[in-house]
Amino acid sequence: MNCNRRTVLAAACLAAFALNVPAFAAKPLVIGFSQVGAESEWRTANTVSIKEAAKKEGITLKFADAQQKQENQVKAIRSFIAQRVDLIAFSPVVESGWDTVLREAKAAKIPVILTDRAVNVSDPALYATFLGSDFVEEGRRAGRWLLERAKKTPDAAINIVELQGTVGSAPALDRKKGFDEVIAANPKLKVIRSQTGDFTRAKGKEVMEAFLKAEGKKINVLYAHNDDMAIGAIQAIEEAGMKPGKDIVVISIDGVKGAFEAMIAGKLNVTVECNPLLGPQLMQLARDVVANKPVPKRVVTQESVFPAEVAAKEFPNRKY
Ligand code: AHR
């Protein structure tokens, strides 16, 4: 059989035609993704969403877990640049300190997409787009819920303790800002303690124990920047002999299944949704950016608020 180059190509084309697939399929897109870590139920859902969407889209995903450390993210981004990936996406653990590494990516002509959290850089052209929630608005939503609730006891002073997220991270800064901005409308609402719980259950519990030791029964409300810290704190409140959701009103952010379970059990009063299922949108944006198609500079995730009263009804619909 004469098997020269032309006959091999013709055979490949015929076979492809018979199978109804492109004869010379394009090289799969390669994305380097640097994840913050695995600090919360939210983060786990976010990682699963990104991995599943890449798989479904036939995109090669090089995934690196930074274990909540900026230096690990910088290393991962540099390694993606060295590997000449088509695009880099990352969820920055903190807001500042990204200029140098993002300039390196730009010099290497590798586009960057921010997911979930924003960066504070001198030149916004250092990234193509930012996909994620409006954290200031999430803080405002938490604050508005409390303002409404406070109308039930108009004369009472309301002492709030706050569990902040990771120091210097966009969600911690913005959720604080949005909440403070809204509760300023009612001088009876006062944040008496505010400390980081690093977005984890263990730290949330530990810091709440310290708040309870210092302030005891003076605490009326806990505002936690995520559900995991609220769930840790709920344990601390119970261990202190108090009833979370009743003796202390508990407000948190994310809307993970664990929060719905706590609401159904009457231990959490409200969760403000922060949607981690960013995978499909990220893959589409990545394709568009690599193909040089115009993309919006900011893509905001749609979210709502779930008070305890709707928890049982909503629970079966929750995807994370
Ligand atoms: O950046 C999103 C935040 O990070 C989520 O609210 C929190 O749970 C996570 O760790």
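Whatever order the structure lists ligands and atoms in, that order sets their numbers, starting from 1.
The number of heavy atoms from other shown groups lying within 6.0 Å of NZ (Lys188) is above 12. Within a 6.0 Å sphere centred on NZ of Lys55, heavy atoms belonging to other residues, nucleotides or ligands number 12 at most.
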>> If you apply the rule side-chain contact (heavy atoms from CB on, under 4.5 Å), what do you find for Val121 with Tyr127, and how did you get there?
In response: CA-CA 9 Å; Val121 281; Tyr127 62 89; 4.1 Å; yes
>> Between Phe90 and Trp98, is the ring-ring contact (aromatic ring centres under 6.0 Å, His included) condition met? List the steps.
In response: CA-CA 11 Å; Phe90 78 116; Trp98 300 104; 4.9 Å; yes
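Taking every non-hydrogen atom of Ser40 and a distance limit under 4.0 Å, the qualifying atoms of ligand 1 come out as 7 (C), 8 (O), 9 (C), 10 (O). Near Asp116, meaning under 4.0 Å from any of its heavy atoms, are these atoms of ligand 1: 1 (O), 2 (C). Residue Pro171 approaches ligand 1 through these ligand atoms, each under 4.0 Å from one of its heavy atoms: 1 (O).
The closest donor-acceptor contact from the side chain of Asp198 to the backbone of Lys203 lies at 3.5 Å or more, if one exists at all.
Ligand 1 lies out of reach of Ile253, whose nearest heavy atom is not under 4.0 Å from it. Contact annotation: Asp254 has at least one heavy atom less than 4.0 Å from an atom of ligand 1. Contact between Glu138 and ligand 1 is absent, with no heavy atom of the residue lying under 4.0 Å from the ligand.
Across the listed options Met229, Arg117, His225, Arg117 owns the non-hydrogen atom lying nearest to atom 4 (O) of ligand 1.
Shortest contact from atom 10 (O) of ligand 1 to any protein heavy atom: Glu39 OE2, 2.4 Å.
Of the polar atoms of Trp42, none of the N or O atoms is found under 3.5 Å from an N or O of ligand 1, judged by distance alone.
By the 4.0 Å N-to-carboxylate-O rule, Glu273 lies too far from Arg141 to be salt-bridged with it. Note on Lys151 versus Glu148: salt bridge recorded, some NZ/NE/NH1/NH2 to OD/OE distance being below 4.0 Å.
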